[in-house]
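Remember, it's a predicted structure, so these values are computed and weren't measured experimentally.
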Amino acid sequence: MDLPQEFLARMEALLGEEFPSFLNSYGETRRYGLRVNTLKISVEEFRKLAPFHLTPIPWIENGFFYEKEDAPSRHPFYYAGLYYLQEPSAMTPAQVLPVRPGERVLDLCAAPGGKATALAAKLAGEGMLVANDISASRAKALLKNLELFGVENAFVTNEIPVKLAAQYPEFFDKILVDAPCSGEGMFRKDIANARAWSLAKVRECAKMQKEIALQAVSMLRPGGTMLYSTCTFSPEEDEQVIAYILRQCPEMELLPILMAEGFEKGRPELADEDLENREELTRCVRLFPHKMPGEGHFMALLRKSESEAFSPCSEPGNDRKRGDKDGNTENRDGSVLSSNAVFGQARMDKKSRRERRGRQERAGGRQVRQRAAALPSNAANGEGAELVTAFLTEQNQMEYLQNLELRGDRAYYVPELLGTSEGTGGIRFLRNGLYLGEIKKDRFEPSQAFAMALCPKEGVKVVDFDFSDERVARYLRGETFDVEDMQMDKTNGWRLVCVNGYPLGWGRLTGSTLKNKYHPGWRIQ
């Protein structure tokens, strides 16, 4: 592989006698990984169902290596959102951040969605996920992946960090900053990154990362936890950014991350900041491709003090010294890489959650009519609410009425936290909550996003195929076909089309013909 000479010289200085092993790793075959979507399926069920050559990734509870010939991106289970294809090292930041159901979580640089979908699975439908990306095109890809995963409680935004910080001061329990970087750790995966590399780009990225990090700290509540990560080896973008945060924000402290095999400690000697406790930077983690089966990555887990003795972050350039802190972080959130107990909680049974949300169905029915009445007055509002209510009743999904909102001709399920005053004020966004569908003349047409969020065992009318059935591929191509041989309710109407019990999208049954309603933009060409 043709790598920039200046990059190689810097890596040789960084690694010393390990440099030949590092260089040899670029000639090795890269490893491929997938992460199971525990919002839809347990790891155990997935292993029984998936026809792939799977080997557990030791440091990722729901992650697996697969073989290239498995081609999981072409399998129907991919289109059912049962897993996300992600480089193994890139799975680690979301695994390390100790998210629990019910928390307010921000993924500040979220596209294309690998880490955001992992955080959403940890939230298990409870709480709030703000998934942001500054690029409008990348934010669209982010939204699609969250929809594919069946995420209901996401606020997908397209804003600069400073605008979000003004809207959400000290608001979030957990924040992930997977910062834009020079991409040195991904050169083996993407040679285009290597060709575009320069020391000037490294310095430009480091400046931007410091600005983003300070905005993130300002959005973190006292006692909250932030994970900073990059996919680069550059000290300017790694230890030096963390040293900058610690100096500018004395209320922040580094937490330990449980070390897995092949993980390397941070390098205090690479920092250029004058810190009282420089050795604290050993709590950072570096991943090198010659040390473990993955690409290059850097992580640092930080906590904001709950003490009122600390003032907010200083402005860049303010030369404050860090205050004394209690260095005892044992039993705090960041003391472990992952927790089986927490992970099990995140796999809370989806039916139980929805039953809890649906306890006030009748009140919810009144609420949607009240919300519809509060919209700009026109006859369609009331009629639209009735059409949505009729569809949800037919599909046994009345619990969505409790937090239903009509915006023009579109219907959304908006969890209570997303509907607060903090939710959308002044923020550019692509989606707030779950898009249920659209009211067209005298009918309601359910959305692709709604289909992906449903569990067919909860009373939805379905037509279910085995993944080996040739009609699955035809459905994904947008074709209409006959289902006369299927054992199911043959009354006309909407059907949730499934593969081995997991949703792919909608179809409309007319006699023995299933008319294809799979989202045109998602179809296989």
How are the rings of [X] and [Y] set relative to one another: parallel (under 30°), tilted (30 to 60°) or perpendicular (over 60°)?
| X | Y | result |
| --- | --- | --- |
| Trp522 | Tyr518 | perpendicular |
| Phe288 | Phe233 | parallel |
| Phe46 | Phe64 | tilted |

Show your reasoning for whether salt bridge (Lys or Arg N to Asp or Glu O under 4.0 Å) applies to Arg286 and Glu239.
CA-CA 10 Å; Arg286 282 180 168 270; Glu239 284 90 352; 2.8 Å; yes
Closer than 3.5 angstrom, by distance alone: can the side chain of [X] be matched with the main-chain N or O of [Y] as a donor-acceptor pair?
| X | Y | value |
| --- | --- | --- |
| Lys40 | Met452 | yes |
| Asp107 | Ala116 | yes |
| Asp178 | Cys109 | no |
| Gln448 | His519 | yes |
| Asp70 | Glu67 | yes |
| Asn132 | Glu159 | yes |

Is the shortest side-chain N to carboxylate O distance from [X] to [Y] below 4.0 Å?
| X | Y | result |
| --- | --- | --- |
| Glu126 | Arg100 | no |
| Arg35 | Glu61 | no |
| Arg10 | Glu12 | no |
| Arg138 | Asp133 | yes |
| Glu236 | Arg203 | no |

Apply the test side-chain hydrogen bond (donor to acceptor under 3.5 Å, both in side chains) to residues Trp197 and Glu184: give CA-CA distance (whole Å), side-chain angles for both, the deciding distance (0.1 Å), then the verdict.
CA-CA 8 Å; Trp197 183 90; Glu184 295 173 354; 2.8 Å; yes
Are there more than 12 heavy atoms of other residues, nucleotides or ligands under 6.0 Å from atom [atom1] of [X]?
| X | atom1 | value |
| --- | --- | --- |
| Arg74 | CZ | no |
| Tyr26 | OH | yes |
| Glu28 | CD | yes |
| Glu261 | CD | no |

Yes or no on side-chain hydrogen bond (donor to acceptor under 3.5 Å, both in side chains) for Ser234 and Ser182, after CA distance, side-chain angles and deciding distance?
CA-CA 8 Å; Ser234 162; Ser182 59; 5.3 Å; no
Salt bridge (Lys or Arg N to Asp or Glu O under 4.0 Å) partners for Glu295, two or more places apart:
Arg188
Report the C-alpha separation of Lys304 and Glu253 in whole Å, then their side-chain angles, then the decisive distance to 0.1 Å, and conclude whether the salt bridge (Lys or Arg N to Asp or Glu O under 4.0 Å) test is met.
CA-CA 7 Å; Lys304 179 181 278 190; Glu253 64 176 333; over 6 Å; no
side-chain hydrogen bond (donor to acceptor under 3.5 Å, both in side chains) involving Thr282 - partner list, sequence neighbours excluded:
none
Sorted by chain and residue number, the side-chain hydrogen bond (donor to acceptor under 3.5 Å, both in side chains) partners of His75 (sequence neighbours excluded) come out as none
Considering non-hydrogen atoms only, spot the tightest contact between [X] and [Y] and give its length.
| X | Y | result |
| --- | --- | --- |
| Ala139 | Asn158 | CB-CB, 4.4 Å |
| Ile175 | Ala216 | CD1-O, 3.2 Å |
| Glu103 | Pro98 | OE1-O, 3.9 Å |
| Leu227 | Pro93 | CD1-CB, 3.6 Å |

Working for salt bridge (Lys or Arg N to Asp or Glu O under 4.0 Å), residues Arg278 and Glu280:
CA-CA 5 Å; Arg278 195 181 188 89; Glu280 189 176 359; over 6 Å; no
Could you tell me whether [X] sits above the aromatic face of [Y], with NZ or CZ closer than 6.0 angstrom to the six-membered ring centre and within 45 degrees of the axis?
| X | Y | value |
| --- | --- | --- |
| Arg31 | Phe65 | yes |
| Arg30 | Tyr32 | yes |
| Arg104 | Phe171 | yes |

Checking side-chain polar atoms at under 3.5 Å, does Thr230 have a donor or acceptor matched by the opposite partner on Asp238?
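Side-chain D/A pair, Thr230 to Asp238: present.
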